[in-house]
Amino acid sequence: MSGKAAASGRRVLVTGGAGYIGSHIVDRLVERGDEVTVLDDFSTGSERNLSQHAGEARLRTVRGDVLDAEIVDRLVSSHPLVFHLAAAVGVRHIVERPLESVLTNVRGTENVLASAHRAGARVLLASTSEIYGRSEAVPFREEGDRVLGPTWVHRWSYSTAKAIDEHLAFAYAERGLRVSVVRYFNSYGPRIDERGYGSVIARFAGQALAGVPITVHGDGRQTRSFTFVSDTVRGTILAAERDEAVGGVFNIGSAREVSIGELAQRIRDGLRSASPIELVPYESYYPKGFQDTRRRLPDVARAREVLGFEATVPLEEGLERTLAWCREHYGSTATR
Ligand code: UDP
């Protein structure tokens, strides 16, 4: 895949580049001839996600933490374009490790933005549709209000930390930083983490492959807008590079809403699994007092108008490609 396009002369830093979305961004950048540096601590990211680039001179991987301001500063100052994806992600991960998650998500971004501001680098900040919390103003528009539960419900700390990141980005923008923000809506595709970080699709696929019950939380009528990773990546790169995108925030997601119950059926059928689909209480997976987002659907108008972006991969096709990958890569004792 790599080594085909002529060198573009662009030097790009991807924090979190060994993660699920980050590694797909790296693929695209290397393929088009960029010189790419990945900064990753390999906590939820993995070397396997980048193994297709083994021996590739255009890719350099640095094992390090975005909390290490010195490394961040050194790398950012030598890369005019920075994709900042390093973060503690996934609701389950956040509720299990609230302190580390908040600190990584706030301080890490603070480091990246401060360095980029000093160095004059352009930054793409990866944010999340979790920003909207449990707002009922569906579809979510970028300028819509955020509706969050109380501060002791850890889930909302992710939304809050990412919102602080966005506030920091816009505050630095006022001082001249060229930054754009993307809010991801349930991205899925090859390399989704078998441990289920941030992805119900990974979890259901693991259960279906292991032949254990597929656990649908609540009544299964909560919805999400699942977005295939090639769309996620295209929207991200457009937001990172379009002049019109500077200072802007964009929903990057599919306009199709799917219930979790329907998703479970599709995954079971797609994998020809005999797993039963069970409705289970949220408390069987999350700590007591967990609060879910009932519907999550992006308003896609701004991304279309400013970035010329629209998610195009239908759920059927995206799932087929993702499940084929899961079948090949997940162990039979996958996540329960
Ligand atoms: N979910 C589920 N069963 C599982 C894991 C998740 O029904 O085993 C539900 C979860 O409660 C939520 C939706 O799937 O309503 C999406 O969860 P995910 O963790 O993918 O991310 P979220 O969209 O909540 O950030």
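Numbering of ligands and ligand atoms starts at 1, following listing order. Note that the coordinates shown come from a computational prediction; the quantities given were computed from them, not determined experimentally. All values below come from the heavy atoms of this structure, side chains included, with hydrogens, waters and symmetry mates left out. Index from 1, following the sequence.
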inquiry  = Give the atom numbers and elements of ligand 1 that come within less than 4.0 Å of a heavy atom of Thr215.
reply    = 2 (C), 3 (N), 4 (C), 7 (O), 8 (O)
inquiry  = Quick one, Leu50 with Thr61, criterion side-chain contact (heavy atoms from CB on, under 4.5 Å). Give me CA distance, side-chain angles, the key distance, then yes/no.
reply    = CA-CA 9 Å; Leu50 295 172; Thr61 304; 4.3 Å; yes
message = Are any of the N/O atoms on His217, whether in the backbone or the side chain, positioned under 3.5 angstrom from an N/O atom of ligand 1?
response = yes
Atoms in ligand 1 with a heavy atom of Asn186 nearer than 4.0 Å = 20 (O), 21 (O), 22 (P), 23 (O)
Parallel, tilted or perpendicular: rings of Phe228 and Tyr188 (30°, 60°) = perpendicular
Atom indices of ligand 1, in the order listed, that fall short of 4.0 Å to a heavy atom of Val91 = 25 (O)
ask   = At a 4.0 Å threshold, what atoms of ligand 1 neighbour a non-hydrogen atom of Phe204?
value = 2 (C), 3 (N), 4 (C), 7 (O), 8 (O)
query = For ligand 1, which atoms, with element, lie under 4.0 Å from some heavy atom of Val216?
reply = 7 (O)
key: N/O separation below 3.5 Å, Arg296 to ligand 1   = yes
With Arg10, the side-chain contact (heavy atoms from CB on, under 4.5 Å) member among Glu35, His79, Arg32 = Arg32
message = Please list, in number order, the atoms of ligand 1 under 4.0 Å from a heavy atom of Asp292.
response = 11 (O), 12 (C), 15 (O)
inquiry  = Apply salt bridge (Lys or Arg N to Asp or Glu O under 4.0 Å) to residues Glu47 and Arg63 and explain how you reach the verdict.
reply    = CA-CA 10 Å; Glu47 269 162 30; Arg63 182 180 289 267; 2.6 Å; yes
query = Given Arg224, Arg155, His93, which has its nearest heavy atom closest to atom 23 (O) of ligand 1?
reply = Arg224
ask   = For ligand 1, is any non-hydrogen atom under 4.0 Å from Thr293's backbone (N, CA, C, O), its side chain (CB onward), both, or neither?
value = neither
ask   = Which atoms of ligand 1 are found less than 4.0 Å from any heavy atom of Ser199?
value = 20 (O)
inquiry  = Parallel, tilted or perpendicular, judged at 30° and 60°: which one describes the rings of Trp325 and Tyr330?
reply    = perpendicular
query = Closer than 4.0 angstrom: is that true for some heavy atom of Arg92 and an atom of ligand 1?
reply = no
query = How are the rings of His217 and Tyr286 set relative to one another: parallel (under 30°), tilted (30 to 60°) or perpendicular (over 60°)?
reply = perpendicular
remark   = ligand 1 to Arg203, heavy atom cutoff 4.0 Å, flagged ligand atoms 4 (C), 5 (C), 8 (O)
inquiry  = Suppose we screen for ring pair (Phe, Tyr, Trp, His ring centres under 6.0 Å). Which residues come up paired with Tyr172, at least two apart in sequence or across chains?
reply    = His117
ask   = Run the side-chain contact (heavy atoms from CB on, under 4.5 Å) check on Leu263 and Val200 step by step: do they pass?
value = CA-CA 9 Å; Leu263 178 78; Val200 62; 3.7 Å; yes
inquiry  = Please determine whether a side-chain nitrogen of the Lys or Arg among Arg234 and Asp231 lies less than 4.0 Å from a carboxylate oxygen of the Asp or Glu.
reply    = yes
